[in-house]
Amino acid sequence: MSKLTSSSSELDLDRPNIEDYLPPDSIPQPHAKLRLRDLLDISPTLTEAAGAIVDDSFTRCFKSNPPEPWNWNIYLFPLWCLGVVVRYGILFPGRVLVLTIGWIIFLSCYIPVHLLLTGHDKLRKRLERALVELICSFFVASWTGVVKYHGPRPCARPKQVFVANHTSMIDFIVLEQMTAFAVIMQKHPGWVGLLQSTILDSLGCIWFNRSEAKDREIVARKLREHVEGSDNNPLLIFPEGTCVNNQFTVMFKKGAFELGSTVCPIAIKYNKIFVDAFWNSKKQSFTTHLLQLMTSWAVVCDVWYLEPQNMKPGETAIEFAERVRDIISVRAGLKKVPWDGYLKYSRPSPKHRERKQQSFAESVLHRLEEK
Amino acid sequence: MGNTSSMLTQYDIEEVQEHCNNTFSQQEIVSLYQRFCQLDRNSGGFISADEFLSVPEFAVNPLSQRLFRMIDGLNFKEFVLFLSAFSSRATLQHKVEFIFKVYDSDGNGKVAFSDLLDVLRDLTGQFISEQQRELVLTHVLEEAGYKKDSLLVLSDFMKILGNNGLKMEVEIPVD
C-alpha cells in the first residue's frame, strides 16, 4: 500500500501523552454490567473517525489559506493589474539586480578570505560571519523585508542554544542577518545543498537526514560538541522539525532541550497581509518560493528574542520543550497542536491505537465482572 | 461535478443534497467539498488510502481499516452520502443502518458471530485473548436471547441499539 513506514519508536519518545489532547473517548460508563448493546455500540469510535475525516488539527497546520481576491470589480481590477505590472516589471528586476550585486560583493570577498586566510582562523571566522550576515541582508532587501527585532540581541556564549518556530527556510535568513548562527538543517538537493556544503559549513552548521533513524544519535552528539565548544557560533535549532503555516505550532522535538544548556526562545511571526511566507515544501520548490517572495510587495515580520530559559529541577526534557513552545506560541499568537511534525512524512506509531484498544479492553473486562 | 474544478455550481450542490436526502445543508456540502479537495491531494476525484491515512487522527482509530474499506474510491457524492449518517439531521434508523454496514463487511445483510468477533478484535487488539473475546461475546449474546450461531439482521440491530439515545454526530465546520 504505502511506502512510508510508521515512525520509529525513537520518535515516540519525543511526544508527551497525546491521549491528554485527543478528544476524550466516550467509552460506555464503567461500573455497569456488560450487555450486548455495549459491545455492538461502536458509535463513539465511529464518531471519532468521522470527526477526523471531516476536520483534523494536523492538516490545519499545513494549510495555506489563499488570500481573498479583492480585484473583483471594474475599478479594482485595473488597479490590481497595475500592481502586477509594478511588481513583476519594476520591483522584480530591481530586486534581482540588488541580489546579484550582493552575491558579487559577497563572493568576491568570501572566496579570497576563505582561501587566503587559512592560517588566521580567528580573523577568518570573524570576516566570514560578517560576510554571511551581509549576504543575508541582501536577501532580505531583495524581498523588501521589513523585519522588526524586539528584545536583546543574541550573543555568543557557550552552553547556549537558540530555538525558534519554523515557517519557511527564510526564517534562517531573517535571523542570520542579525546574528551569524550555526543552524541545524535538513540537507537539501540542488543549489541550496551547494550553499549548505560550502558557505554554511564554514559557519559550523550541522546537517541531518530525516529519513535515517541512526542519524539521530550522530546528530545529538554533534549538537552536544558544538554547544560545549567556546569558539563556535551560537547554535540555532528549529525544534518543530518541519515548516508550519505560522498559525499553529507542532510539538517540539526534545533534542534541543536535553543538552544541558540554556535555551533562548525566539518567536517569529509573519504578517500575512503582505505575503504568506509559509513554505509548503510539498507544493513548491524553494526556488519557486523565493520567486514568489520577490514578486510580492514586501515580507513583513516580527522577531522577538525572548528570555533565556533553563530546565527547572525535576522537569523532563519533554516538559521543558513544551514550556518553551508555550512561551513562543503565546508571544507570536500561534495555536498549539499536539502532533509531531514528522507525521507529515510518516504514519503515527501503532502505540496510539494500542492505547485506545487497551483502555476499551480493560473496560470490557472490568464490566464483565460486575454482577 | 466536472473533473478538477474546485468550484461547485448550485446544480452540483443540489444534486449532492438530494443524493444524501437533505441531511446536510448547502453550506455544509460546500465545506465538505473543500475538505474533500484538501484530502484528495493528487486531484484524482477520490481519496486514496495514503491520503486518508495521512490524517493522523484517522490513522490511530481502531476501526480505520474497516471504515476505509467502505470509503475507498468514493467520489464526492458518495463521500457525502457516507458521512450523512453522522449529520444531526440523520434519523436513528439511518445511524443504526450505518453501524450494521460496518459489521456486515461482506454486505449480505446478515451479521454472524465471526463479524462480531472481528470488530471486537479491532477494538481490543492484543489486550484480550481470542478465547476470552469469544467467551465474552457468547455470554452477552446468550444473555440477550441469541445463540452463538444466530445471524443478526438489521431489525435485530434496531432492537438492540434503537431504544437508548444513540449519539453519533459530527459537526461540519462552516466558515
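Per chain, numbering begins at 1; letters A, B, ... match sequence-line order.
Checking side-chain atoms of A:Asp41 against main-chain N and O of A:Asp38 turns up no donor-acceptor pair under 3.5 Å. Checking side-chain atoms of A:Gln247 against main-chain N and O of A:Cys61 turns up no donor-acceptor pair under 3.5 Å.
Heavy atoms of B:Val96 lying under 4.5 Å from chain A are absent altogether. For B:Ala144, the part lying near chain A is the side chain, with the backbone staying farther off; criterion is any non-hydrogen pair under 4.5 Å. For B:Phe36, no part lies under 4.5 angstrom from a heavy atom of chain A. For a residue to count as touching a neighbouring chain, one of its non-hydrogen atoms must lie under 4.5 Å from one of that chain's; by this rule B:Ile172 touches chain A with backbone and side chain alike. Contacts between B:Ile71 and chain A at a heavy-atom distance below 4.5 Å involve the side chain alone, from C-beta outward. Interface remark: B:Leu123 contributes backbone and side-chain atoms alike to the contact with chain A (heavy atom separation under 4.5 Å).
The number of heavy-atom neighbours closer than 6.0 Å to CD of B:Glu143, taken from other residues, nucleotides and ligands shown, is above 12. Annotation: B:Glu18, atom CD; neighbour count of heavy atoms from other residues, nucleotides and ligands within 6.0 Å does not exceed 12.
The aromatic rings of B:Phe52 and B:Phe58 sit tilted relative to each other, their planes meeting at an angle between 30° and 60°. Using cut-offs of 30° and 60° for the angle between ring planes, the A:Phe278 and A:Phe62 rings count as tilted.
Between A:Glu48 and B:Val170, the closest side-chain pair of non-hydrogen atoms is not below 4.5 Å.
The residue among B:Ser48, B:Ala85, B:Gly125, B:Ser64 with the most heavy atom pairs within less than 4.5 Å of chain A is B:Gly125.
Within residues 97-109 of chain B, the residues having any heavy atom under 4.5 Å from a heavy atom of chain A are, by residue number, B:Phe98, B:Ile99, B:Val102, B:Tyr103.
In this model, no donor atom of one side chain and acceptor atom of the other lie less than 3.5 Å apart for A:Asp326 and A:Ser329.
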